[in-house]
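Input: a single structure, listed below in structure tokens.
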Amino acid sequence: MTIKSIAIIGTGFSGIGTAIRLKQRGIEDFIIFERAQNVGGTWRDNTYPGCACDIESHLYSFSFALNPQWSRKFSFQPEILNYLHNCVNQFNLRPHIRFQHEVIEATWDEAHQYWRIQTSQGIYTARVLIAGTGALSEPMIPKLPGIDLFQGHIMHSARWDHQYQLKGKKVAVIGTGASSIQFVPEIQLQVDQLYLYQRTAAWVIPRLDRVISKLERQLTSKIPIIQKILRWKTYILREALGLAFRYPWILKMGEILAHYHIKRTISDPILQKKLTPKYRMGCKRILISNNYYPALAKKNVEVITDEIQEIRSHSIVTRDGKERQIDSLILATGFHATDMPIATKIRGRNGTLLSDSWKGGPRSYLGISVPCFPNFFLIMGPNTTLGHTSVVLIIESQIEHILKALHFMATHQVSTLEVKKEAEDQFNLEVDQQMKNTIWSTGGCNSWYQDSTGRISAIWPASIATFRNRVEPFVSSDYALSRFK
Ligand code: N01
């Protein structure tokens, strides 16, 4: 069995970005496991109508693979997926990818000092394991009473069934987060009746989208510096926006805008009230849409805020005793974000499972390394999600750290690198201190940024500049090292 230097799990932005940067450094001895038949991660899996990015494409793309051809300010899913395909082709990554290879379990082999990776198509070994599986890969199916007894059509927003015709049907949607607000206006046009079950109203502001003209695209193609300037402009504006999450009084202005957005688009005061959030803006992801509220005001839509009591074979019953007959149930209920399923598949020293070591409260050093898990790197690990800007910036910083770690290993004959517990504790202390006065701590909401222990372990509490300064340097003294004998 040949031992690979590096194994990567996943071909989303994290896996593809890592592979590109490895190749740019002249490293070819790596393999990528992908459970699906094609690349793209969450942008492959989420194909619901209206699926789009709420961050500007010039920033939601790699700095080392700029795309001058974006057709809109905020791209739709097919264009982002196409971009990822182009990256794979441009950097010739396909020979490295093993499609339909689901990682069943990866175990650190202490005797041989490598990772033993059991996939759905056999066992592989690698000195270094990089998990690029992200936080939004496994759909969350809510444990609602009776959900298993539902006899109609059911799907999760991240696993859209395009064969099923919604036209003329009575459809229930559970959830009013980032995914829901994108597809609800699309399906409202087709369905006979739409019941939208809302547990918590979201803060929604206008989407300032626009088409990027052919002339603009030609200019960015011919004069690449223009695209870099556009990226910088967006980066700086979004960093400035990030201040609002740490100084929540600034968000008052956003709240005024959002209230106005509701009043401008909805005339029914009862519906206005239902859609007005009861927590501070920013505590949950701020959503952008121009067509969500107008869709909810249509005659074939009912927004239901009573708690779901039970799901029956063809209906949903709420606490107020009302039963609504439905043909189809769409779960827009998000993902297993803080209880990342990949953690149940990674065994470090002494066979310890990552999920057992986390015990429902994921922690790490820089969102990358975890004690007892040698030569293992996460991308988009704990405390790396963002509320204000592009996560691709986080991914790029983490990749830089990992590249430096790999370079250090190669130039210092290091066989294993394992982060020290003190370094991890220090990092989490810093994160928790920075989190204290942010809107995520004080905003009065429950969100998927909190884990089962109540700690906010999903989101990064500061700016990208702070993240870069902390993450991009490789501080070897934060790691315990052993060398090849
Ligand atoms: O999921 P969500 P999502 N009973 O977790 C409700 C990213 N994203 O798929 O708020 C009833 O936001 C839940 O209610 P509540 C982005 O990072 C990015 O929409 O918990 N309701 C909520 O309304 C985003 O944050 C883009 O009270 C239940 C909804 O389901 C992340 O994906 C685009 C329930 C879940 O909302 C997830 O978004 C789309 C229950 N038992 C998504 N359980 C970009 O543009 C859950 N809910 C980059």
Side-chain angles (χ1 to χ4, degrees), residues 12-13 41-43 45-57 59-61 72-77 79-81 134-147 155-160 172-184 186 195-204 207 209 238 274-275 277-279 282-289 292 303-311 316-319 329-339 380 384-395 440 443-450 458-460:
F13 266 95
T42 196
W43 293 106
D45 295 339
N46 283 271
T47 61
Y48 58 76
C51 182
C53 189
D54 53 16
I55 301 291
E56 296 85 344
S57 299
L59 200 60
Y60 197 87
S61 45
R72 309 189 66 83
K73 191 170 160 194
F74 297 97
S75 296
F76 284 95
Q77 173 265 343
E79 195 168 1
I80 301 169
L81 183 60
L136 306 178
S137 60
E138 287 296 331
M140 211 277 289
I141 310 295
K143 293 188 182 80
L144 291 164
I147 194 163
M155 62 181 160
H156 189 279
S157 57
R159 299 287 182 271
W160 199 268
V173 173
I174 301 180
T176 51
S179 304
S180 175
I181 68 133
Q182 292 184 336
F183 72 76
V184 159
E186 305 291 327
Y195 298 118
L196 179 61
Y197 289 86
Q198 172 188 278
R199 191 165 64 178
T200 314
W203 284 101
V204 184
R207 183 182 180 87
D209 195 10
R238 287 200 164 269
K274 278 184 182 174
L275 296 172
K278 296 185 178 67
Y279 58 91
C283 186
K284 285 167 173 284
R285 194 176 177 89
I286 302 170
L287 308 183
I288 57 169
S289 175
Y292 178 61
V303 178
I304 299 143
T305 52
D306 291 293
E307 194 187 336
I308 296 172
Q309 180 178 305
E310 183 189 0
I311 296 182
I316 298 183
V317 183
T318 40
R319 285 257 172 249
L329 173 57
I330 305 176
L331 304 169
T333 43
F335 299 86
H336 286 276
T338 52
D339 55 338
M380 294 293 308
T384 58
T385 293
L386 291 170
H388 73 288
T389 188
S390 168
V391 289
V392 180
L393 301 168
I394 292 277
I395 291 171
W440 300 292
C445 73
N446 291 317
S447 75
W448 64 262
Y449 302 150
Q450 294 148 349
I459 204 143
W460 171 247

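For the numbers below, each heavy atom of this structure counts, side chains included, while hydrogens, waters and symmetry mates do not. Positions are given from 1, in the same order as the sequence printed here. Counting convention: from 1, in listed order, for ligands and their atoms alike.
By the criterion of a heavy-atom distance under 4.0 Å, the side chain of Leu136, and not its backbone, is placed next to ligand 1. Contact annotation: for Tyr449 versus ligand 1, there are no heavy atoms closer than 4.0 Å. Neither the backbone nor the side chain of Tyr60 comes within 4.0 Å of ligand 1, counting heavy atoms alone. With a 4.0 Å heavy-atom cut-off, ligand 1 is reached by no atom of Cys51.
Contact of the Thr305 side chain with the Tyr197 side chain is not registered, since no non-hydrogen atoms from C-beta on lie closer than 4.5 Å. Residues Glu56 and Arg238 meet the side-chain proximity criterion, which asks for heavy atoms closer than 4.5 Å. The shortest side-chain heavy-atom distance between Thr176 and Thr200 does not fall under the 4.5 Å cut-off. Contact check for Tyr48 versus Glu186: no side-chain heavy atoms found under the 4.5 Å cut-off. Residues Cys283 and Tyr449 form no side-chain contact, since every pair of their non-hydrogen atoms from C-beta on lies 4.5 Å or further apart. In this structure the side chain of Phe74 never reaches within 4.5 angstrom of the side chain of Ile55, judged on heavy atoms.
Taking distance alone, with nitrogen or oxygen atoms compared against 3.5 Å, Met140 stays at or beyond that limit from ligand 1. Looking at Trp448 next to ligand 1, an N or O pair under 3.5 Å apart turns up. Residue-to-ligand polar distances place Arg199 within reach of ligand 1: an N/O pair is separated by less than 3.5 Å.
The ligand atoms of ligand 1 that sit less than 4.0 angstrom from a heavy atom of Ile174 are 11 (C), 21 (N). Contact atoms of ligand 1 toward Gly175: 6 (C), 23 (O), 29 (C), 30 (O) (distance under 4.0 Å to a heavy atom of the residue). Listed by atom number, the atoms of ligand 1 under 4.0 Å from Lys284 heavy atoms are 10 (O), 15 (P), 20 (O). In summary, the atoms of ligand 1 found under 4.0 Å from a heavy atom of Thr176, numbered by their order in the structure, are 22 (C), 23 (O), 29 (C).
Scanning all protein heavy atoms for the shortest distance to atom 36 (O) of ligand 1 gives Gly177 CA, 3.6 Å. Closest to atom 1 (O) of ligand 1, if we only count protein heavy atoms, is Gly334 CA, 3.1 Å. Scanning all protein heavy atoms for the shortest distance to atom 42 (C) of ligand 1 gives Ala178 CB, 3.5 Å. Scanning all protein heavy atoms for the shortest distance to atom 16 (C) of ligand 1 gives Arg285 CD, 3.5 Å. Nearest protein heavy-atom neighbour of atom 45 (O) of ligand 1: Asp54 N, 2.7 Å. Regarding atom 27 (O) of ligand 1, its nearest protein heavy-atom neighbour is Thr200 OG1, 2.5 Å. In this structure, atom 41 (N) of ligand 1 lies nearest to the protein heavy atom Pro142 CB, 3.4 Å.
Minimum interatomic distance between Ser57 and Arg72 (heavy atoms only, all atoms of both residues): OG-O, 4.0 Å. When all heavy atoms are compared, the tightest approach of Lys284 to Ser447 is CG-CB, 3.9 Å. Closest approach of Ala201 to Lys274, counting heavy atoms only: CB-O, 3.7 Å.
Using a 4.0 Å cutoff on heavy atoms, Cys445 does not count as a contact of ligand 1. Not a single heavy atom of Tyr279 sits less than 4.0 Å from an atom of ligand 1.
Of the candidates Ala332, Ser390, Ser180, the one placing a heavy atom closest to atom 30 (O) of ligand 1 is Ala332. Within the set Cys53, Ser179, Pro277, the minimum heavy-atom distance to atom 19 (O) of ligand 1 is found for Ser179.
A distance below 6.0 Å separates the ring centres of Phe13 and Tyr60. Aromatic rings from Phe183 and Trp160 are positioned such that their centres are separated by under 6.0 Å.
Applying the salt bridge (charged side-chain N to carboxylate O under 4.0 Å, His left out) criterion to Asp339, with sequence neighbours excluded, gives no partner residue.
In summary, Arg207 and Asp54 do not engage in a salt bridge, as defined by a charged side-chain N under 4.0 Å from a carboxylate O.
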